[in-house]
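One structure is given below, represented as structure tokens, and several questions about it will come after.
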Amino acid sequence: MVIQEIWAIPLDRIERFFQSQNDVRPNGDDGFSFGQCKIRITSMSEREIGSLRFPQTQMEFEGPDADTEEIHRRFVLQFISAGG
């Protein structure tokens, strides 16, 4: 299963979330692992709407359905009110 999304959340805030999860491990320079799910995080150019600027971070979750769905669910519950 692969889930790709762009969220209006700064990269460092997303990284802090994954670092706070006891069962998530760093996976190189671009992400983390949860079970067999690889989580890739990519900072993108800010989105500008008039005078407003919004951070954009691309998220990619890839792995077996159960692991991918579980960590993605946690991520969404953490940030659903922050922007997506």
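Hydrogens, waters and symmetry mates play no part in the numbers below; they use all other heavy atoms, side chains included.
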Over 60° means perpendicular and under 30° means parallel, so classify the ring planes of Phe61 and His72, tilted if in between.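 The rings of His72 and Phe61 stand perpendicular, inter-plane angle above 60°.
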Evaluate the criterion side chain to side chain contact (heavy atoms under 4.5 Å, CB included) for residue pair Ile6 and Met44; output intermediate values, then yes/no. CA-CA 9 Å; Ile6 297 175; Met44 301 173 64; 3.7 Å; yes
Supply the atom-to-atom distance Met59 CE to Trp7 CH2, rounded to the nearest 0.5 angstrom. 9.0 Å
Please report the closest heavy-atom contact between Phe34 and Val24, naming both atoms and the distance.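 The pair with the smallest heavy-atom distance is CD1-CG2, 4.0 Å.
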Using the side-chain hydrogen bond (donor to acceptor under 3.5 Å, both in side chains) criterion, which residues pair with Glu60? Sequence neighbours excluded.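 Testing Glu60 for side-chain hydrogen bond (donor to acceptor under 3.5 Å, both in side chains), a comparison that skips the adjacent residues, returns Gln4, Arg40.
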Gln36 atom CD: more than 12 heavy-atom contacts under 6.0 Å: no
Checking side chain to side chain contact (heavy atoms under 4.5 Å, CB included) for the pair Glu48/Phe54: CA distance, chi angles, key distance, verdict? CA-CA 6 Å; Glu48 294 183 38; Phe54 300 94; over 6 Å; no
Spacing of CG belonging to Asp23 relative to CZ belonging to Phe32, to within rounding of 0.5 Å: 12.5 Å
Between Glu62 and Lys38, does any side-chain N to carboxylate O distance fall below 4.0 Å? no
Could you walk me through whether Ile41 and Phe18 satisfy the side chain to side chain contact (heavy atoms under 4.5 Å, CB included) test, starting with their C-alpha distance in whole Å, then the side-chain angles of each, then the deciding distance to 0.1 Å, before giving a yes or no? CA-CA 11 Å; Ile41 307 168; Phe18 286 117; 4.0 Å; yes
Heavy-atom nearest pair, Ile71 first then Cys37, reads CG2-SG, 3.9 Å
Could you state the interatomic distance from CZ (Arg25) to CD1 (Ile39), rounded to the nearest 0.5 Å?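 Interatomic distance, Arg25 CZ to Ile39 CD1, rounded to 0.5 Å: 11.5 Å.
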Hey, any chance Ile9 and Ile80 share a hydrophobic cluster, counting ILVMFWY side chains that come within less than 4.5 Å of each other, even indirectly?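 Yes, it is one cluster - the side chains of Ile9 and Ile80 are joined through contacts under 4.5 Å.
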Which residues pass the side-chain hydrogen bond (donor to acceptor under 3.5 Å, both in side chains) test with Gln21, not counting sequence neighbours? Arg74
Is there a donor-acceptor pair under 3.5 Å between the side chain of Ser20 and the backbone N or O of Phe17? yes
Just verifying a value: how many Å separate Asn27 CG and Ser33 OG, rounded to the nearest 0.5 Å?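 With rounding to 0.5 Å, CG (Asn27) is 3.5 Å from OG (Ser33).
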Rounded at 0.5 Å granularity, tell me how far CG in Leu11 sits from CZ in Arg16.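 One finds 10.0 Å between CG of Leu11 and CZ of Arg16.
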For a 4.5 angstrom cut-off between non-hydrogen side-chain atoms, does Ile3 reach Thr68? yes
Step by step, work out the side chain to side chain contact (heavy atoms under 4.5 Å, CB included) result for Arg47 and Ile49. CA-CA 7 Å; Arg47 182 173 181 194; Ile49 301 174; 4.0 Å; yes
